[in-house]
Q: 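Provided herewith is a single structure, encoded as C-alpha cells, for subsequent inquiry.
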Protein chains: 2
Amino acid sequence: MRTKPTLVEVAALAGVSKMTASRALRGASDVSERNIEKVLRASEEIGYVTNHLATSLSSQTTNLIGVVVPSLSNVVFAEVLAGISDAIQESGKQPVFGVSNYNAEVETGIIRDMLSWRPSGMIVTGLEQTEQSRKLLEGAGIPVAQIMDVDGDAIDINVGLSHVDAGREMARTLLNLGRSRFAYVGSALDNDVRAQKRMQGFCEELSRENLSLVESRTDEGFSSLPMGRELTADILRSGAKIDAIYYSNDDMAAGGLFAAMSAGVDVPGQLLLAGFNGLEFLEGLPVRLATARSPRRQIGAEATRILLEAMKQPLSRDERSLVFRPEIDLGDSIS
Amino acid sequence: MRTKPTLVEVAALAGVSKMTASRALRGASDVSERNIEKVLRASEEIGYVTNHLATSLSSQTTNLIGVVVPSLSNVVFAEVLAGISDAIQESGKQPVFGVSNYNAEVETGIIRDMLSWRPSGMIVTGLEQTEQSRKLLEGAGIPVAQIMDVDGDAIDINVGLSHVDAGREMARTLLNLGRSRFAYVGSALDNDVRAQKRMQGFCEELSRENLSLVESRTDEGFSSLPMGRELTADILRSGAKIDAIYYSNDDMAAGGLFAAMSAGVDVPGQLLLAGFNGLEFLEGLPVRLATARSPRRQIGAEATRILLEAMKQPLSRDERSLVFRPEIDLGDSIS
DNA sequence: ACTGGTATCGATACCGGTACCGATACCAGT
DNA sequence: ACTGGTATCGGTACCGGTATCGATACCAGT
C-alpha cells in the first residue's frame with residue numbers, strides 16, 4: 001500500500017512541470033490543449049486525487065462551510081441541512097456537519113474543531129452560544145450565520161423566526177377559537193431553548209387575557225412521541241378540566257393524540273391539540289392536529305445564500321438578517 | 001480583520017522557538033514546565049487556534065473519518081451516526097458526514113471529495129457502490145467499513161445484518177402465526193437496496209410454502225408515514241382479501257395502521273402489519289405493530305471500533321466482519 | 001578533569017499544492 | 001531586422017505546521 005500519487009508524479013508522467021499540471025487540472029487558462037489532454041490522461045491513469053490539505057494551505061482559502069446543529073434525530077434539522085445542501089450546490093463549497101446534542105459546551109468544542117480547519121463560513125443553530133463560542137466565531141474573521149431563532153442578539157448573519165412570537169400567535173389563535181383552559185406539555189426545557197421561548201410567548205399571550213396554564217407537564221430526556229403520549233395520559237388521568245394542550249412540538253402532540261384516543265377523549269372537539277413545526281407525518285395521522293409550519297428548509301437555504309454572498313462582499317445590516325413567520329395550520333381543529 | 005495568529009507569533013510572544021511552542025501545545029515531552037506555561041499563556045492571550053491544514057499536511061496524517069449515509073431525514077441513520085460519534089469519542093478522531101440521498105453517483109462524488117481531505121478511515125453505507133467508488137476506496141490506502149448490509153462482497157470491513165434473512169425471518173414468523181395472504185407496501189425500490197432485499201427474502205420464504213404476494217404497492221419518492229397510509233388505503237379499497245402486510249419500514253407501517261383504522265379494519269386481528277427497524281415511536285402508537293429491531297446504534301459503534309483498530313494494525317478476515325441478527329418484535333400481534 | 005547520560009531547545013528540511021513572476025517561442029507590423 | 005504582443009510554460013518562494021537531528025547545558029560517576 002504505497003502512498004497516494006502526488007501532482008509531481010502526474011506531471012512527470014505527462015511530461016510537464018507540476019505548475020502546468022496544476023493549472024491543467026484546475027481548468028485554468030495558460031495551458032495548451034495538448035497539455036491539458038496529456039495531464040488529464042496521466043491523472044486518470046495513476047488515479048490521482050487532489051490533496052485539499054495542500055491546496056487549502058497553499059491558497060489560504062478552503063471550500064469548507066461548518067454547520068452545527070443540536071440534533072440529527074430531529075427531522076427538523078435534517079431538513080435544515082437539506083436546505084443548506086441545496087443552496088450550497090454549484091458554489092463549489094462543501095458543508096461539514098457537527099452535532100452538539102443540545103449542549104453548549106459540546107458546541108464550543110465542535111466550533112473550535114471546525115475553525116481549526118479554517119472554513120470560509122460557519123452556520124450555527126440558535127443565538128445562545130457560550131461566551132467562548134462567540135469569541136471564537138467573532139475572531140475567526142469569516143461570515144457566521146445563526147439560524148432558526150431571531151429572539152436575541154446575533155453575531156453576524158441571522159435567519160429564522162421568532163419563537164416567542166410563534167408561541168404568542170398560537171395562543172392568540174386558540175383563544176380566538178374559544179378555548180380557555182390550557183395545558184402545556186414539553187420536554188427538557190433546559191436544552192431546547194426555542195421550545196422554551198414558544199412556551200413563554202404562549203403564556204404571555206394568555207396572561208393578556210388574565211389566563212394562565214391550568215396544567216403543565218415536562219420530563220427529562222428528548223421529546224418523542226411516546227413521551228408526549230405518556231405526559232398527556234398523565235394530565236388526562238388527573239381529571240383536570242382543559243380544552244386545549246400546547247406541545248413543544250409535533251412529535252409530542254402526536255403522542256398526545258394517541259393518549260386522548262385511548263382515553264376516549266374527542267380531538268379536537270373536547271380537546272384541541274397544537275404542536276409546532278408542521279412535519280409531514282402529521283398528514284398521515286387519524287386527526288390533523290393544529291401546528292405552526294416552520295420554513296426550515298428555506299431557513300437553511302436562505303442562510304446559506306446570504307452566507308455565500310457575505311463571503312464575496314461585506315453586507316449591510318439589513319441584508320444580514322431575514323425573519324420568517326411561521327404559518328399556523330389548524331388542520332381539523334377548524335370548523 | 002487581520003489574519004489569524006500563527007504558531008510563530010505565539011512562539012515570539014512566549015520568547016521561544018516555534019518548535020518549542022509546537023511541542024508545548026501538543027503536550028509533548030522535551031519541554032520545560034516553565035516554557036509550557038509561557039506558551040500556553042501566550043496562546044491563550046492572542047487566541048491561537050491550531051491550523052489543522054498545516055498539521056495534517058506536515059504530519060501526513062489526519063484525525064478525520066469520513067462517513068457517508070444515504071439520508072438524514074431517516075432516523076435510522078441519525079442513530080447510526082450517534083453510534084459512530086459515541087465510539088469515536090476519546091479516540092481523538094473526528095467524523096465528517098456526507099449524505100448521498102440514495103444516489104450512487106452522488107455518493108461517488110462525496111467519496112472523492114472526502115478522500116481529497118485524506119481521512120484516516122471511511123465508513124460508507126451498504127455494499128452497492130459504483131465501480132468508481134470501489135476503486136477510489138480501495139486505492140485510498142485506508143481502512144474502509146461498509147455498514148448496515150452484509151448481503152454481498154465487502155471491500156474491507158463489514159458490519160451489519162442480512163436484510164434478505166430479515167425479510168425471510170419475518171415471513172417465516174408471520175406464516176407461523178397462521179397468516180397466509182400477504183401484501184407488500186414499499187417505496188422507491190430502486191433507491192433503497194436494503195428494503196428491496198428484505199422484500200426479496202420475504203418472497204423467497206413465501207414461495208417455499210408455494211405462496212406469493214397477493215398484492216403489492218410501491219410509489220416513487222421516499223418512504224413516509226403519509227405514503228404508507230395512502231398505499232395501504234388503496235389496497236384496502238381494492239377489496240383484496242389479505243391478512244398481513246409487510247412494509248418497507250416502520251414509518252410506512254404506521255401509515256398503514258391509520259389507513260386500516262379509518263377503514264374500520266381490525267389490526268392486528270383481521271390484518272397484521274409488519275414493518276422494519278423497531279423505531280421508538282412505534283411504542284406510542286394505538287397498536288403496537290410487528291417489526292424487526294435493527295441494532296443501528298450498535299452497528300455504527302462496532303463498525304467504528306473495528307475501523308479504529310484497523311487503523312493501528314492489520315486485521316484478520318474474521319475480525320473485519322460482524323453480523324448482527326435483527327430481533328423480531330411482534331408487539332400486539334402476538335396473542 | 002574527563003566521560004557519558006539526560007533534559008531541553010532550535011535550525012532545517014520537508015508535506016503537496018498554488019501565487020507570482022520571469023523566460024521562451026512565435027508571429028504580425030513597420 | 002527589429003519591436004512588441006500573445007500564448008505557453010517553469011522556477012522559486014511560500015502556506016503553517018511537524019520530524020529529525022544536532023547543539024547545548026548540566027549533572028553524576030569515576
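Values below: every heavy atom of this structure, side chains too, minus hydrogens, waters and symmetry copies. A quick note: this is a predicted structure, and the numbers were derived from the prediction, not measured.
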Q: Reading DNA chain C from 5' onward, which residue's closest nucleotide shows up sooner: S59(A) or V31(B)?
A: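 Checking each residue's closest nucleotide, the 5'-ward one belongs to V31(B).
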Q: Whether the side chain of N63(A) engages the backbone of K93(A) through a donor-acceptor N/O pair (distance < 3.5 Å, no angle test) should be reported.
A: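 Not at all, since once roles are kept as given, no pair shorter than 3.5 Å links the two residues.
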Q: What stems, by residue range, does DNA chain D take part in, given at least 3 consecutive Watson-Crick or G-U pairs under 3.5 Å?
A: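 If one scans DNA chain D for consecutive Watson-Crick or G-U pairs, the stems found are C:1-30 with D:1-30.
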Q: Working note: L13(B) + I46(B), criterion side-chain contact (heavy atoms from CB on, under 4.5 Å); need CA distance, chi angles, decisive distance, verdict.
A: CA-CA 9 Å; L13(B) 184 57; I46(B) 63 181; 3.7 Å; yes
Q: With a 4.0 Å cut-off, would you call R194(A) and D151(A) a salt bridge?
A: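 Between D151(A) and R194(A) there is no salt bridge, as every charged N stays at least 4.0 Å from the carboxylate O atoms.
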Q: Please check if the side chain of Q129(A) supplies one atom and the backbone of G126(A) the other of a donor-acceptor pair under 3.5 Å.
A: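 Side chain of Q129(A) to backbone of G126(A): a pair is present.
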Q: In terms of the angle between their ring planes, are W117(B) and W117(A) parallel, tilted or perpendicular, with boundaries placed at 30° and 60°?
A: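 It falls in the perpendicular class, over 60°.
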Q: May I ask you to decide if A87(A)'s main-chain N or O and T304(A)'s side chain share a donor-acceptor pair within less than 3.5 Å?
A: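 Absent.
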Q: Do side-chain atoms of Q146(B) reach the backbone of I155(B) as a donor and acceptor pair under 3.5 angstrom?
A: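 Such a contact is found between Q146(B) side chain and I155(B) backbone.
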Q: Any N or O donor-acceptor pair under 3.5 Å from the base of dG17(D) to the side chain of T55(B)?
A: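 Side chain to base: no pair present.
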Q: Is a side-chain N or O of T108(A) found less than 3.5 angstrom from the main chain of Q132(A), in a donor-acceptor match?
A: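 Side chain of T108(A) to backbone of Q132(A): no pair is present.
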Q: Applying a 4.0 Å non-hydrogen cut-off, can you work out what R26(A) is touching in the nucleic acid: base, sugar-phosphate, or nothing?
A: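 If one applies the 4.0 Å heavy-atom cut-off, R26(A) turns out to touch the sugar-phosphate alone, with no base involved.
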Q: Pick the nucleotide of DNA chain D nearest each of L57(B) and M19(B); which residue has the one closer to the 5' end?
A: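 Nearest nucleotide further toward 5': that of L57(B).
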Q: Is any side-chain heavy atom of R118(A) less than 4.5 Å from a side-chain heavy atom of V49(B)?
A: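 Side chain of R118(A) against side chain of V49(B), heavy atoms only: contact under 4.5 Å found.
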Q: Please give me every residue in residues 10-18 of chain B whose heavy atoms get under 4.0 Å of an atom in DNA chain C, ordered by residue number.
A: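 The answer is V16(B), S17(B).
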Q: Looking at E79(A) and R296(A), is any side-chain nitrogen of the basic one under 4.0 Å from a carboxylate oxygen of the acidic one?
A: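 So R296(A) pairs with E79(A) through a salt bridge.
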Q: Base, sugar-phosphate or nothing for N51(B)? Non-hydrogen atoms, less than 4.0 Å.
A: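 Here N51(B) touches the backbone only, sparing every base.
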Q: For DNA chain C, which nucleotides open and close the run of contacts to chain A, 5' to 3', at under 4.0 angstrom from a non-hydrogen atom?
A: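 Nucleotide range in contact with chain A: dG16(C) to dC20(C).
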Q: Would you call the rings of Y102(B) and F77(B) parallel, tilted or perpendicular if under 30° counts as parallel and over 60° as perpendicular?
A: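 Correct class here is perpendicular.
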